[in-house]
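Have a look at the structure below before the remarks.
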Amino acid sequence: MLINLWYVAEWSDAVKDKPVKVKLLGQNFVLFRDRQGKVSCLSDVCLHRGGSLSGGRTVRDCVACPYHGWQFNGDGKVEFIPSEGEDFQIPDRARVDAYPTEERYGMIWVFLGDAPEEERIPIPEFPEYDDTENWRALHDNWEWKAEAARVVENGIDIAHASFVHPMFGYEETAQENHIKKVEYHDYWARSWNEQYPPELTGGFLNWRKLIRSDRQPTETIPTWYMSGMVVRIQINLNAKMSLIMFDANTPVDEHNTRTFAVQLRSFVKHPLFDAGSRKRLQKIFREDQTILEAAAPNYLPETLANELSVKDDRFMSSFRRARRTLIEEKGYQIDSAKVKAVEGRKSYAIPSPFRRERSDLRWVMDAVPLVAPLTEKIKIVDQAELS
Ligand code: FES
Ligand SMILES: [Fe+2]
């Protein structure tokens, strides 16, 4: 699991006047809205005696801990300690980590990390979401017992459709499908693929006849974004009928992923058709889930050497490579083994931008341990060899 990325924490309409608890990257957070409607995200662990802030209530623009009522503002700073009264001088270090938030596409995005603004990989663009004239949107959730990186790989893997999704993949023509083009950017990439349906034989394929002329290819355009672990797939069935799936895959912990899914369709836009669309979307999720939850190991292998890739996997590999850059060069990976070793006995916080700015504050909670970037590891080995 990686820090210093934007993740989707919750749907916007799920956070109203009460604090909401969410779990991301194996840690708990509280989301709450102030009187202006601005949503805040804080570490959920109260620095007084470990109360769970999300179990409290919203008081003015603060969240009040349910244990002794300390009030934390949107910056994570304690504003009021009831037992000490109004005149009490609250120490500067009485604060929990607070994280940048943004609301986009009906979702609450939180930046979980301490990187300064200019270093943050931006939230993916999704311009079609606001174009309600041409697209009908549908929101859905899915939960996986699998690591988020595995879920992302599954989403951008076109070859599996021929075997896992009979609704739009065709085993008979798997060999004819091909990647037409791949475009690489900083921490996102897109590919263009053509898939050919088999000859239209057999009555059960009749619905396909309605949407395509014989053997007309389907254009599939998958995109991965490191930010939000987003998978976007655009499927152009023909010139007038397109689908876009925009899935933000949030790592709840190492073994669980929550997908915030938006599906847009450019045809049969009447709400009456939502139920059918949702059913088809969920069927696809279920088919992927069966494969993914049975795959081993649960995590993406540490090195590419432990799985064999072929030419058709090159788009997927671009995601693995970018992820490894963040792990090996930037040192963004949480050291889950260290966290697990003290589970239940020690709480950690994901470091926030203000923690980096004010490292002099002697923060009450320790920052989550990270796996050292490769260069540092090599340095340590070198020093060991020297001594
Ligand atoms: S534990 Fe939160 S106020 Fe005491
Ligand atoms: Fe799939």
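Keep in mind that the numbers below use all heavy atoms, side chains included, and drop hydrogens, waters and symmetry copies. Whatever order the structure lists ligands and atoms in, that order sets their numbers, starting from 1.
- Residue His68 approaches atom 4 (Fe) of ligand 1 most closely through its N/O/S atom ND1.
- Close approach of ligand 1 to Tyr67 is summarised as follows: ligand atoms under 4.0 Å from at least one heavy atom of the residue are 1 (S), 2 (Fe), 4 (Fe).
- Taking the charged nitrogens against the carboxylate oxygens, Glu119 and Lys330 have no contact shorter than 4.0 Å, which rules out a salt bridge.
- None of the N, O or S atoms belonging to Asp157 lies under 2.8 Å away from the Fe ion (ligand 2).
- Contact annotation: the side chain of Arg33 never approaches that of Lys16 to less than 4.5 Å [non-hydrogen atoms, C-beta and beyond].
- Of the N and O atoms on the side chains of Asp140 and Gln263, not one donor lies less than 3.5 Å from an acceptor on the other residue.
- Take the N/O/S atoms of His48: the one nearest atom 4 (Fe) of ligand 1 is ND1.
- Among the heteroatoms counted here (N, O or S) of His160, NE2 is the one nearest to the Fe ion (ligand 2).
- Vertex atom 2 (Fe) of ligand 1; arms to Cys65 atom SG and Cys46 atom SG; angle 110° (nearest 10°).
- For Trp224 and Ser318, the side-chain atoms include at least one donor-acceptor pair closer than 3.5 Å.
- Computed with the Fe ion (ligand 2) at the centre, the His165 NE2 to Asp288 OD2 angle is 100°, stated to 10 degrees.
- Within ligand 1, counting atoms from 1 as listed, the ones closer than 4.0 Å to a heavy atom of Arg49 are 1 (S).
- Salt-bridge check for Arg355 with Asp97: passed, with a basic side-chain N closer than 4.0 Å to an acidic carboxylate O.
- By the 4.5 Å heavy-atom criterion applied to side chains, His160 and Ile291 are not counted as neighbours.
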